[in-house]
Amino acid sequence: MATRFLCTVEAPIHHRIKEHMARPDVDERSTTVVLRSLNNATRVFRNDVSLTMNRLDEEMQGNVDFSKIAPYASGVRTKKMWQETGDWNDSMWSCSQSVGLISDIPTCKDLLTGIVAEAEAQLTLSAACVAAPSRL
């Protein structure tokens, strides 16, 4: 749900990032896992930075030198992306596969109203599948 709430009107991040997350060509394959060799694996948005991190990780073949990866994993870099540039391709940022289900930028209220309505509709459909108790 964190990824979904990033793409709401109220989320305090650059609007360009939200627009990118809601694009039709962004799907569940738009993520990757970084920092595996450091035993700190995390799922992030697939972009030039995360792919570079994975390439460096592979090149080190288990001989991890964090100093080579650190410039790409910098929180300073990510903060600049979130708050100033909105360049989704210039930073490592956490993102789940649910990004593929995002197609709009609603308010939090509208998002939650929609989630509740969808859950109620699914429960109603499921209840219709329950057979009456057997008389046996």
Side-chain angles (χ1 to χ4, degrees):
M1 292 305 294
T3 298
R4 184 61 187 107
F5 278 98
L6 276 177
C7 199
T8 59
V9 172
E10 295 89 345
I13 65 172
H14 201 286
H15 193 71
R16 286 179 51 201
I17 301 165
K18 298 174 192 183
E19 289 173 338
H20 186 77
M21 291 171 67
R23 287 174 38 162
D25 60 325
V26 172
D27 61 19
E28 69 278 2
R29 297 166 296 173
S30 298
T31 68
T32 189
V33 177
V34 296
L35 304 175
R36 289 176 195 211
S37 64
L38 295 171
N39 296 323
N40 193 21
T42 187
R43 185 164 296 279
V44 298
F45 195 83
R46 179 185 300 269
N47 59 21
D48 290 347
V49 170
S50 60
L51 294 176
T52 297
M53 291 174 69
N54 282 338
R55 181 182 50 77
L56 289 170
D57 197 17
E58 288 175 19
E59 288 174 2
M60 289 186 271
Q61 299 177 354
N63 299 316
V64 181
D65 180 359
F66 184 69
S67 68
K68 292 182 180 180
I69 296 175
Y72 300 99
S74 168
V76 172
R77 186 180 192 135
T78 305
K79 182 178 180 180
K80 183 177 179 183
M81 177 207 61
W82 287 133
Q83 297 176 353
E84 296 173 27
T85 68
D87 184 354
W88 59 269
N89 196 41
D90 189 41
S91 177
M92 174 190 81
W93 49 286
S94 295
C95 181
S96 74
Q97 293 166 313
S98 66
V99 71
L101 300 172
I102 298 172
S103 61
D104 60 352
I105 307 170
T107 64
C108 289
K109 179 182 179 180
D110 289 344
L111 175 61
L112 290 171
T113 299
I115 290 170
V116 169
E118 186 177 338
E120 288 174 342
Q122 290 300 316
L123 288 170
T124 300
L125 285 172
S126 297
C129 295
V130 176
S134 171
R135 290 187 242 183
L136 296 177

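The side-chain contact (heavy atoms from CB on, under 4.5 Å) search around T85 returns K80, M81, D87, not counting sequence neighbours. Among residues two or more places apart in sequence or in another chain, the salt bridge (Lys or Arg N to Asp or Glu O under 4.0 Å) test is passed with E84 by none. With sequence neighbours left out, the salt bridge (Lys or Arg N to Asp or Glu O under 4.0 Å) criterion links R23 to D25. The side-chain contact (heavy atoms from CB on, under 4.5 Å) test applied to L6 returns I13, M21, W82, not counting sequence neighbours. Every side-chain hydrogen bond (donor to acceptor under 3.5 Å, both in side chains) that E19 has, sequence neighbours left out, goes to H15.
Residue pairs satisfying the salt bridge (Lys or Arg N to Asp or Glu O under 4.0 Å) criterion with at least one member in residues 121-133, sequence neighbours excluded, are absent. Residue pairs satisfying the side chain to side chain donor-acceptor pair (under 3.5 Å) criterion with at least one member in residues 114-126, sequence neighbours excluded, are absent. Counting only residues at least two apart or in different chains, ring pair (Phe, Tyr, Trp, His ring centres under 6.0 Å) contacts with residues 100-121 are absent.
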Pairs under 3.5 angstrom only: tabulate donor-acceptor contacts from the side chains of residues 45-54 to other protein residues two or more places apart or in another chain.
residue: R46; atom: NE; partner: R29; partner atom: O; Å: 3.3
residue: R46; atom: NH2; partner: T31; partner atom: O; Å: 3.2
residue: N47; atom: OD1; partner: V49; partner atom: N; Å: 3.1
residue: N47; atom: OD1; partner: S50; partner atom: N; Å: 2.9
residue: N47; atom: OD1; partner: S50; partner atom: OG; Å: 3.3
residue: N47; atom: ND2; partner: W88; partner atom: O; Å: 2.7
residue: N47; atom: ND2; partner: S91; partner atom: O; Å: 2.8
residue: D48; atom: OD2; partner: N89; partner atom: ND2; Å: 2.7
residue: S50; atom: OG; partner: F45; partner atom: O; Å: 3.0
residue: S50; atom: OG; partner: N47; partner atom: N; Å: 2.9
residue: S50; atom: OG; partner: N47; partner atom: O; Å: 3.2
residue: T52; atom: OG1; partner: D48; partner atom: O; Å: 2.8
residue: N54; atom: ND2; partner: T32; partner atom: OG1; Å: 3.1
residue: N54; atom: ND2; partner: V33; partner atom: O; Å: 3.3

Give every donor-acceptor pair under 3.5 Å between a side-chain atom in residues 67-77 and any protein atom, sequence neighbours left out.
residue: S67; atom: OG; partner: D65; partner atom: OD1; Å: 2.6
residue: S67; atom: OG; partner: D65; partner atom: OD2; Å: 3.3
residue: S74; atom: OG; partner: V76; partner atom: N; Å: 3.1
residue: S74; atom: OG; partner: R77; partner atom: N; Å: 3.4
residue: R77; atom: NE; partner: D90; partner atom: O; Å: 2.8
residue: R77; atom: NH1; partner: P71; partner atom: O; Å: 3.2
residue: R77; atom: NH2; partner: D90; partner atom: OD1; Å: 3.0

Under 3.5 Å, side-chain donor or acceptor atoms of residues 98-109 against the rest of the protein: list the pairs with distances, not counting sequence neighbours.
residue: S98; atom: OG; partner: S96; partner atom: OG; Å: 2.5
residue: D104; atom: OD1; partner: R4; partner atom: NH2; Å: 2.4
residue: T107; atom: OG1; partner: D110; partner atom: N; Å: 3.0
residue: T107; atom: OG1; partner: D110; partner atom: OD2; Å: 3.3

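Through direct or indirect side-chain contacts shorter than 4.5 Å among Ile, Leu, Val, Met, Phe, Trp and Tyr, L123 is connected to no other residue.
Each of F5 and V44 belongs to its own hydrophobic cluster when Ile, Leu, Val, Met, Phe, Trp and Tyr are linked at side-chain heavy-atom distances under 4.5 angstrom.
In this structure the side chain of L35 never reaches within 4.5 angstrom of the side chain of D57, judged on heavy atoms. R16 is not listed as a side-chain neighbour of H20, based on a closest heavy-atom distance of 4.5 Å or more.
Once rounded to the nearest 0.5 Å, the distance linking CE of M1 with CG of L111 reads 5.5 Å.
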